[in-house]
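Below is one structure; the comments refer to it alone.
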Amino acid sequence: MSSTAASAPAVHATITIPGTNKTASLPLLSGTLGPQVADIRKLQAQAGIFTFDPGYGETASCESKITYIDGDEGVLLYRGYPITQLAEKSTFLEVAYLLLFGELPTEAQFKDFSHGITMHSMLHEQIRRFWEGFRRDAHPMAVLCGVVGAMSAFYPESVNINDPREREISAFRLIAKIPTITAWAYKYSIGQPFMYPRNDLSYAENFLYMMNAVPPEPYKKNPILERAMDRILILHADHEQNASTSTVRLAGSTGANPFACVAAGIAALWGPAHGGANEAVLKMLAEIGDKKHIKTFISEVKDKNSHTKLMGFGHRVYKNYDPRAKIMQQTCYEVLEELGIKDEPLLDLAMELEKIALEDDYFVSRKLYPNVDFYSGIILKAMGFPTTMFTPLFALARTTGWISQWMEMIADPQNRIGRPRQLYTGAPQRDYVDIARRG
Ligand code: SDX
């Protein structure tokens with residue numbers, strides 16, 4: 001193990017294969033927090049077997065110091081700091097520094113960092129022309145995939161992934177430009193002119209400016225919405241080895257450039273089981289329509305043949321309330337109050353749906369609770385975002401987590417190409433048969 005945190009193995013787990021004289025001695029490694037892990041890297045050599053873990057639910061794919069989740073306790077730490085404290089006291093850009101470099105910045109460090117991000121927020125003018133190739137009704141996630149993936153064409157030096165300085169420059173470029181790309185994807189979809197980033201605005205406000213400002217009118221800042229946006233970005237910034245982060249790591253393990261890796265992460269996040277869930281929650285609430293239909297909907301969810309999921313509920317790791325969902329619900333109230341929205345039917349419906357679900361044994365017995373996506377869509381809709389922009393917003397925030405995890409992986413001396421194995425249940429070896437002799 002490369003880490004100072006993961007102590008040298010003092011104990012081993014032993015696997016003995018029945019009917020053979022094969023025994024594997026698996027070192028048990030301990031981290032700073034969380035369960036021990038059995039190091040199975042010599043399992044096949046010693047016992048001639050693989051492990052089997054579809055979906056990797058029980059598999060530690062790497063060693064990391066960035067984010068820790070305790071799913072049973074509903075705990076989420078970024079570099080050891082509880083998400084509740086960061087959401088209340090920090091800013092997204094300060095959290096970005098923390099995720100990237102491991103410590104909260106001093107004032108001087110933060111000044112340099114935020115200046116560096118600000119000075120990278122513009123896109124190469126030729127990148128604007130990528131948008132002309134998209135239909136106006138293209139899903140913004142398709143645009144993000146395409147534009148971010150193509151950025152390596154503008155920064156050929158980004159392939160020098162073994163140069164720490166090049167890695168840091170790519171990280172700055174991605175964190176700085178993803179708000180511009182996301183806002184321009186929205187503007188393009190509504191036929192409005194692109195708004196260029198402004199260096200006098202904070203990260204969150206700059207994004208809201210590029211999303212909402214129009215050339216003929218002065219832009220009116222809204223500190224409450226800026227704070228809500230900043231907090232939403234903090235909550236979505238990183239989340240351990242989730243599907244999209246694991247995709248970024250797997251792509252990165254081949255030596256692909258960071259823009260290609262983040263584009264792969266964007267593609268993975270798009271799925272409704274992952275980052276696409278926030279958009280799916282709004283569609284689900286619209287389909288339910290009224291509180292009087294909730295019980296019928298819940299029955300449909302409990303009917304396996306319907307393949308209907310309660311979107312925004314459940315989580316591979318959290319078997320308790322997702323701590324981000326609680327903060328998101330609180331932010332929901334603040335935004336609706338600020339916007340003077342007294343009774344938001346969607347919020348009322350979501351609250352009633354949550355109440356009924358959390359009293360229903362189907363959900364309680366399966367430890368299904370609201371996750372980060374259950375309330376985020378309601379806030380974003382109230383802030384004027386179309387549902388198609390919900391997942392791009394998630395991608396905007398998670399770009400910082402993805403690139404932090406990529407940086408950690410590339411610098412890890414244990415980094416090697418990811419290459420899972422399989423349990424093969426296909427045809428045994430057989431000989432080719434000429435077509436004339438088949439059938
Ligand atoms: C995100 O991994 C991360 O960290 C992701 C994320 C991040 O920040 O990166 O947190 C962001 O992706 C949050 C999740 C957003 N997705 C949704 O809200 C979609 C709805 N949720 C489900 O699709 C599901 O809960 C998953 C995909 C999130 C988790 O899938 P799992 O791990 O396969 O679920 P499970 O093994 O815990 O399921 C246990 C049981 C199963 O039923 P049984 O086979 O035991 O009868 O609960 C059922 C599941 O069918 N179940 C649900 C359900 N989620 C699980 N039933 C109804 N509605 C649901 N939402």
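Position 1 is the first residue of the sequence, and the numbers go up from there. Below, all heavy atoms of this structure are taken into account, side chains as well, without hydrogens, waters or symmetry copies. Start at 1 and go down the list; that is how both ligands and their atoms are numbered.
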* **Close N or O approach (Asp373, ligand 1; < 3.5 Å)** => no

* Structure fact -> Counting heavy atoms under 4.0 Å, the part of Leu310 that contacts ligand 1 is both

* To do: Just go through Gly314, Ala397, Ala357 and tell me whose heavy atom is the nearest to atom 28 (C) of ligand 1.
  => Gly314

* Using side-chain hydrogen bond (donor to acceptor under 3.5 Å, both in side chains) as the criterion, point out the one residue from Thr67, Thr245, Asn242, Asp238 that pairs with Gln405. => Asp238

* To do: For residues Ile127 and Met151, determine if any side-chain heavy atom of one lies less than 4.5 Å from a side-chain heavy atom of the other.
  => yes

* Find the distance between CD1 (Ile83) and CD1 (Ile327) and round it off to the nearest 0.5 Å. => 6.0 Å

* Structure fact -> Looking only at non-hydrogen atoms, the one of Tyr369, Phe394, Tyr362, Phe313 nearest atom 20 (C) of ligand 1 is Phe313

* Per-atom contacts, ligand 1 versus Asn242 - under 4.0 Å to a heavy atom -> 2 (O), 3 (C), 4 (O), 5 (C), 9 (O)

* Parallel, tilted or perpendicular: rings of Phe154 and Phe130 (30°, 60°) -> perpendicular

* Among Gln241, Lys309, Arg324, which one has a heavy atom closest to atom 8 (O) of ligand 1? -> Arg324

* To do: Answer with side chain, backbone, both or neither: which part of Lys367 has a heavy atom less than 4.0 angstrom from an atom of ligand 1?
  => neither

* Asked: How are the rings of His315 and His239 set to each other: parallel, tilted or perpendicular (split at 30° and 60°)?
  -> perpendicular

* Asked: Pick from Glu88, Glu334, Arg324, Met328: which one makes a side-chain contact (heavy atoms from CB on, under 4.5 Å) with Arg231?
  -> Glu334

* Geometric class of the Phe385/Phe207 ring pair [parallel <30°, tilted 30-60°, perpendicular >60°] -> parallel

* To do: State whether Glu287 and Lys283 are salt-bridged, where the test is any N-O pair (Lys NZ or Arg NE/NH1/NH2 against Asp/Glu carboxylate O) under 4.0 Å.
  => no

* Structure fact -> Taking only non-hydrogen atoms of Lys304 and a 4.0 Å limit, the atoms of ligand 1 in range are 42 (O), 43 (P), 44 (O), 46 (O), 50 (O)

* Using a strict cut-off of 4.0 Å, indicate which atoms of ligand 1 neighbour a heavy atom of Gly312. => 17 (C), 18 (O)

* **Side chain, backbone, both or neither: Leu368 near ligand 1, heavy atoms under 4.0 Å** => side chain

* Asked: Distance below 4.0 Å between atom 36 (O) of ligand 1 and any protein heavy atom?
  -> no

* Parallel, tilted or perpendicular: rings of Phe313 and Phe363 (30°, 60°) -> perpendicular

* **Residue Lys319 vicinity, atoms of ligand 1 by number, heavy atom under 4.0 Å** => 37 (O)

* Find out whether Ser121 and Met210 are in side-chain contact, i.e. whether some heavy atom of one side chain is under 4.5 Å from a heavy atom of the other. => no

* Asked: Relative to atom 31 (P) of ligand 1, which among Arg398, Lys302, Arg316 owns the nearest non-hydrogen atom?
  -> Arg316

* Among Met284, His315, His307, which one has a heavy atom closest to atom 6 (C) of ligand 1? -> His315

* Asked: Can you check whether a protein heavy atom sits less than 4.0 angstrom from atom 55 (C) of ligand 1?
  -> yes

* To do: May I ask you to identify the nearest protein heavy atom to atom 45 (O) of ligand 1, giving residue, atom name and distance to one decimal place in Å?
  => Arg366 NE, 3.6 Å

* Would atom 26 (C) of ligand 1 count as contacted, meaning some protein heavy atom under 4.0 Å? -> no

* So is Val372 polar-close to ligand 1, meaning N/O to N/O under 3.5 Å? -> no

